Amino acid sequence: FHKGLIMAMKMFTNASQAFDGESIAINSDIVASVFELITPDENAKLQMRTVIFGVNGTDWHVKEPYLEVIAKLNEKD
């Protein structure tokens with residue numbers, strides 16, 4: 001493998017309703033921004049979620065706290 005072609009995959013816990021609690025691997029090379037969002041869960045209870053927004057316009061809601069996500073994305077492989 002050429003070192004430049006290896007993706008930096010980071011593991012998180014999915015918070016979207018369809019995949020709640022499942023692992024999700026995100027390529028940290030395509031992350032544009034990270035932010036917090038307060039959103040209701042299936043019982044209308046407000047939950048703080050961290051959103052990872054990709055350069056392609058896709059976003060992922062994860063259960064890890066904002067600062068933990070930032071630290072994990074900044075880890076060197």
Side-chain angles (χ1 to χ4, degrees):
F1 286 101
H2 183 271
K3 188 170 175 83
L5 298 178
I6 297 173
M7 294 184 293
M9 301 299 284
K10 305 293 181 176
M11 298 298 294
F12 297 97
T13 307
N14 205 320
S16 68
Q17 287 186 0
F19 302 101
D20 187 48
E22 294 184 19
S23 292
I24 181 171
I26 298 173
N27 178 355
S28 62
D29 293 336
I30 65 163
V31 173
S33 63
V34 177
F35 56 92
E36 291 180 307
L37 183 66
I38 298 174
T39 180
D41 64 13
E42 61 279 357
N43 299 317
K45 181 180 176 190
L46 294 179
Q47 298 288 325
M48 180 68 74
R49 293 291 185 236
T50 304
V51 179
I52 302 171
F53 189 79
V55 295
N56 59 357
T58 300
D59 62 28
W60 303 274
H61 292 227
V62 298
K63 292 190 175 189
E64 287 76 8
Y66 173 79
L67 291 176
E68 183 180 323
V69 170
I70 295 295
K72 191 176 285 193
L73 290 171
N74 284 320
E75 285 175 357
K76 299 293 181 201
D77 293 324

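None of the values given here were measured: they were computed from a predicted structure. Hydrogens, waters and symmetry mates are skipped; everything else that's a heavy atom, side chains included, is used.
Taking the side chain as every heavy atom from C-beta outward, Arg49 and Glu36 never approach each other to under 4.5 Å. A 4.5 Å side-chain heavy-atom check between Phe19 and Ile24 finds every atom pair outside the cut-off. Considering only heavy atoms from C-beta on, Lys45 comes within 4.5 Å of Gln47 through its side chain.
Across every non-hydrogen atom of Met11 and Ser23, the tightest pair is CE-CB, 3.7 Å.
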Could you pull out every donor-acceptor pair under 3.5 Å between side chains of residues 54-61 and any protein atom, sequence neighbours left out?
| from | atom 1 | to | atom 2 | distance (Å) |
| --- | --- | --- | --- | --- |
| Asn56 | OD1 | Thr58 | N | 3.1 |
| Asn56 | OD1 | Thr58 | OG1 | 3.4 |

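Tyr66 pairs with exactly one of Leu37, Val51, Val34 by the side-chain contact (heavy atoms from CB on, under 4.5 Å) rule, that one being Val34.
One finds the CD1 atom of Ile26 at 9.5 Å from the NZ atom of Lys72 (value rounded to the nearest 0.5 Å). Distance check, rounded to the nearest 0.5 Å: NZ of Lys10 to OG of Ser28 gives 5.0 Å. Rounding to the nearest 0.5 Å places CD of Glu64 at 10.0 Å from CG of Leu73. We find the NZ-CG distance between Lys63 and Asn14 to be 8.5 Å, quoted to the nearest 0.5 Å.
Counted within 6.0 Å of CG on Leu46, heavy atoms from surrounding residues, nucleotides or ligands total more than 12; the atom is thus considered enclosed.
In terms of hydrophobic clustering, with Ile, Leu, Val, Met, Phe, Trp and Tyr side chains grouped at heavy-atom distances under 4.5 Å, Ile70 and Phe35 are assigned to different clusters.
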